[in-house]
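Written below as structure tokens is the structure these notes are about.
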Amino acid sequence: MSYDLRHRMHVYEQLFGSVERVTELIMQINWEEGSAPQEYWMNTPDHLYVIANTFNLCVVFFAQSQSTTVLPLVSKLHRPSGTIFIALIEELQHFIQTDILLNLVDGCPLPPLHVQ
């Protein structure tokens, strides 16, 4: 994912408002050795855009405080190649992939698109 941040620095700079924020995200997700310490954990909605763009996925995020849907901003395809569902367990500050836990029916409403 850090490759996408570096490769599309100009896109993320416009999205997040500064090169410093993009550099901060690059440093935060740049972990490749087993279990990551807490300072490398996903902890902001900014990460949802990086996931959506890197993997060309629609990211549906559920949290008690705010749920949202994020679409890839850049893609060679006309639409996302799939959907990933992520939930935040706020009491534990822990994200989980919820595809397996959810049994959504076709046509069910999704959270609104993220305004950023």
Closest non-hydrogen atom pair between P72 and N56, with its separation
CG-OD1, 3.5 Å

Roughly how far, to the nearest 0.5 Å, is CZ of F61 from CD1 of I84?
12.0 Å

Let me check something: do L73 and L25 share a hydrophobic cluster, defined by ILVMFWY side-chain heavy atoms less than 4.5 Å apart, either directly or through other members?
yes

Is there a side chain to side chain contact (heavy atoms under 4.5 Å, CB included) between Y49 and V11? Walk through the geometry before answering.
CA-CA 11 Å; Y49 281 101; V11 172; over 6 Å; no

Can you list everything that forms a side-chain contact (heavy atoms from CB on, under 4.5 Å) with I26? Sequence neighbours excluded, please.
S2, L5, R6, M9, V22

Can you check side chain to side chain contact (heavy atoms under 4.5 Å, CB included) on I51 and I86, steps first, answer last?
CA-CA 11 Å; I51 294 168; I86 298 174; 4.0 Å; yes

Nearest 0.5 angstrom please: T54 OG1 to I29 CD1, how far?
7.0 Å

When rounded to the nearest 0.5 angstrom, what is the spacing between CG in L48 and OG1 in T69?
10.0 Å

Without hydrogens or angle criteria, can the side chains of Y12 and D46 be said to hold a donor-acceptor pair below 3.5 Å?
no

With sequence neighbours left out, what residues match E24 under side-chain hydrogen bond (donor to acceptor under 3.5 Å, both in side chains)?
R21

Could you pull out the closest heavy-atom pair between S67 and F62, with the gap in Å?
OG-CA, 3.4 Å

